[in-house]
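When a residue number appears, it is its place in the shown sequence, counting from 1.
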Amino acid sequence: MIRPLLTSLAIVILCGCAPTDNTASEAQSADGTEAVATSTPAPAPANALQEWRSEDGKIAFKYPATLTPTQDFSATYFTPEGWRAMFDGAPVGPGTGQIRFGAKSYRGGVQPFIVTTFLQLGTSRDPAVVADCLTRGLAGGNGSQQEDRTIGGVRFTVFKNSDAGMSHQLSSTDLRAVRGGTCIAIDRIESAVPASVDTEASPDRSNASVEQDVDRVLSGITFG
């Protein structure tokens, strides 16, 4: 009877030494004190918003990480370089390009297109610019005035513009407002070329997805 008893004791000892599911907070150190639990911070959600605010703090909004901010206000195929889009060939006038976002996307259909979307915001306190802020350069050859739109409590004059040429297509929504002696220009520009022309581009985002991001930014702009 001695051998079976020894075998049973060995099994009990081995079971007692096996690892358990206890967390670090339940474990004890060699001197009998409770060990300190450690944890890794959870990563930020993929849809987390980042905040942008103008230097004077009067304009602010949040934007998704899928849109990258830039200070590059280069010309597009249809619009001049500068802080606001113009459609009559006139200079943009003195002003400051506050922020611009750009994103490439793919738009399917009978003829697929590669679309470059810009959302830009600029301001000017120049008296001449402020004087005709709501009309200057907005009436292009295919432009038309739309219903006014209120964003962040500010009423904007809205124009739609479009153009086409050399495989390029333009669709633009252009908003203008005067607030506190400042001309505010917001331009949402989409420039598209057939996918068969821009064979080097392979954006991984749909045009509908980019449009949703832009809508999200516009709906959240605030003015102090």
Side-chain angles (χ1 to χ4, degrees), residues 48-107 113-126 129 133 136-138 140 143 149 151-152 154 156-163 168-179 182-193 198 201 203-205 207-224:
L49 298 178
Q50 303 179 53
E51 184 175 82
W52 176 87
R53 187 176 295 273
S54 60
E55 288 188 3
D56 60 9
K58 294 183 178 180
I59 306 175
F61 58 81
K62 294 182 179 180
Y63 63 94
T66 49
L67 296 178
T68 304
T70 179
Q71 293 294 317
D72 182 2
F73 284 78
S74 299
T76 72
Y77 189 85
F78 296 100
T79 59
E81 178 182 7
W83 63 279
R84 61 175 173 173
M86 301 285 280
F87 297 92
D88 62 357
V92 299
T96 301
Q98 297 286 348
I99 195 72
R100 186 191 228 189
F101 296 96
K104 276 189 177 291
S105 62
Y106 179 84
R107 186 172 69 206
F113 279 86
I114 303 298
V115 182
T116 302
T117 300
F118 291 108
L119 177 65
Q120 62 183 43
L121 186 152
T123 57
S124 175
R125 295 185 62 84
D126 182 86
V129 171
C133 173
R136 179 74 167 181
L138 290 176
R149 177 175 175 181
I151 299 176
V154 177
F156 282 81
T157 297
V158 183
F159 276 79
K160 286 275 192 181
N161 282 284
S162 61
D163 207 341
H168 287 70
Q169 296 182 2
L170 170 78
S171 175
S172 181
T173 302
D174 310 287
L175 303 95
R176 301 291 185 269
V178 174
R179 179 180 174 85
T182 300
C183 174
I184 303 171
I186 300 176
D187 297 293
R188 177 179 184 165
I189 303 169
E190 285 193 350
S191 179
V193 297
D198 192 357
D204 59 0
R205 301 195 64 196
N207 186 236
S209 174
V210 173
E211 287 181 345
Q212 288 177 355
D213 283 349
V214 172
D215 288 339
R216 197 176 185 185
V217 173
L218 285 173
S219 65
I221 296 178
T222 60
F223 301 91

message = Asp163: which residues meet the salt bridge (charged side-chain N to carboxylate O under 4.0 Å, His left out) condition with it, sequence neighbours left out?
response = none
inquiry  = Working to the nearest 0.5 angstrom, can you tell me the gap between Phe87 CZ and Leu170 CG?
reply    = 5.5 Å
query = Within a strict 4.5 Å, meaning less than it, do heavy atoms of the Ile186 and Leu119 side chains meet?
reply = yes
key: Residues which pass side-chain contact (heavy atoms from CB on, under 4.5 Å) with Thr116, listed by chain and number, not counting sequence neighbours   = Lys104, Phe118
key: ring-ring contact (aromatic ring centres under 6.0 Å, His included) partners for Tyr63, two or more places apart   = Phe101
remark   = Applied to residues 52-63, the salt bridge (charged side-chain N to carboxylate O under 4.0 Å, His left out) test, sequence neighbours excluded, yields Glu51-Arg53
request  = First locate atom CD1 of Ile189, then atom CG of Asn161, and finally report the distance between them rounded to the nearest 0.5 Å.
outcome  = 9.5 Å
task = Would you name the heavy atoms of Val92 and Gly82 that are closest together and state the gap between them?
result = CG2-CA, 4.3 Å
key: Residues in ring-ring contact (aromatic ring centres under 6.0 Å, His included) contact with Phe223, at least two apart in sequence or another chain   = Phe156
query = Who pairs with Arg176 by salt bridge (charged side-chain N to carboxylate O under 4.0 Å, His left out), at least two apart in sequence or on another chain?
reply = Asp187
inquiry  = Within the 4.5 Å heavy-atom criterion, are Asn207 and Tyr106 side-chain neighbours or not?
reply    = no
query = Residues two or more places apart in sequence or in another chain: which of them pass salt bridge (charged side-chain N to carboxylate O under 4.0 Å, His left out) with Arg205?
reply = Asp213
task = Return the minimal non-hydrogen interatomic distance between Leu67 and Ala103, and the atom names on each side.
result = CD2-CB, 4.1 Å
ask   = Got a second to check how far Ile99's CD1 is from Phe73's CZ, nearest 0.5 Å?
value = 7.0 Å
query = Residues two or more places apart in sequence or in another chain: which of them pass side-chain contact (heavy atoms from CB on, under 4.5 Å) with Val178?
reply = Val130, Cys133, Leu134
ask   = Partners of Ser162 by side-chain hydrogen bond (donor to acceptor under 3.5 Å, both in side chains), sequence neighbours excluded?
value = none
key: Non-neighbouring partners of Thr96 that pass side-chain contact (heavy atoms from CB on, under 4.5 Å), sequence neighbours left out   = Gln98, Thr123
note = Correct closest heavy-atom pair for Pro64 and Val217 would be CD-CG2, 4.0 Å
ask   = Where is the tightest heavy-atom contact between Arg107 and Ala192, given as atom of each residue plus distance?
value = NH2-CB, 3.9 Å
note = Separation between OG1 (Thr117) and CD (Glu190), nearest 0.5 Å, reads 4.0 Å
note = Taken to the nearest 0.5 Å, the spacing of Leu138 CG from Lys160 NZ works out to 13.5 Å
query = Partners of Arg136 by salt bridge (charged side-chain N to carboxylate O under 4.0 Å, His left out), sequence neighbours excluded?
reply = none
request  = Check whether any side-chain heavy atom of Ser124 sits under 4.5 Å from a side-chain heavy atom of Trp83, and report yes or no.
outcome  = yes
inquiry  = Once rounded to the nearest 0.5 Å, what's the spacing between atom CD1 of Ile59 and atom OG1 of Thr182?
reply    = 7.5 Å
request  = Ignoring hydrogens and angles, tell me if any N or O in the side chain of Arg100 forms a donor-acceptor pair with the backbone of Ser74 under 3.5 Å.
outcome  = yes
task = List the steps and the verdict of side-chain contact (heavy atoms from CB on, under 4.5 Å) for Arg149 and Leu218.
result = CA-CA 11 Å; Arg149 177 175 175 181; Leu218 285 173; 4.1 Å; yes
message = Could you report the tightest heavy-atom contact between His168 and Ser191, atom names first, then the distance?
response = CD2-OG, 4.2 Å
query = Which residues satisfy the side-chain contact (heavy atoms from CB on, under 4.5 Å) test with Asp215, sequence neighbours excluded?
reply = Arg188
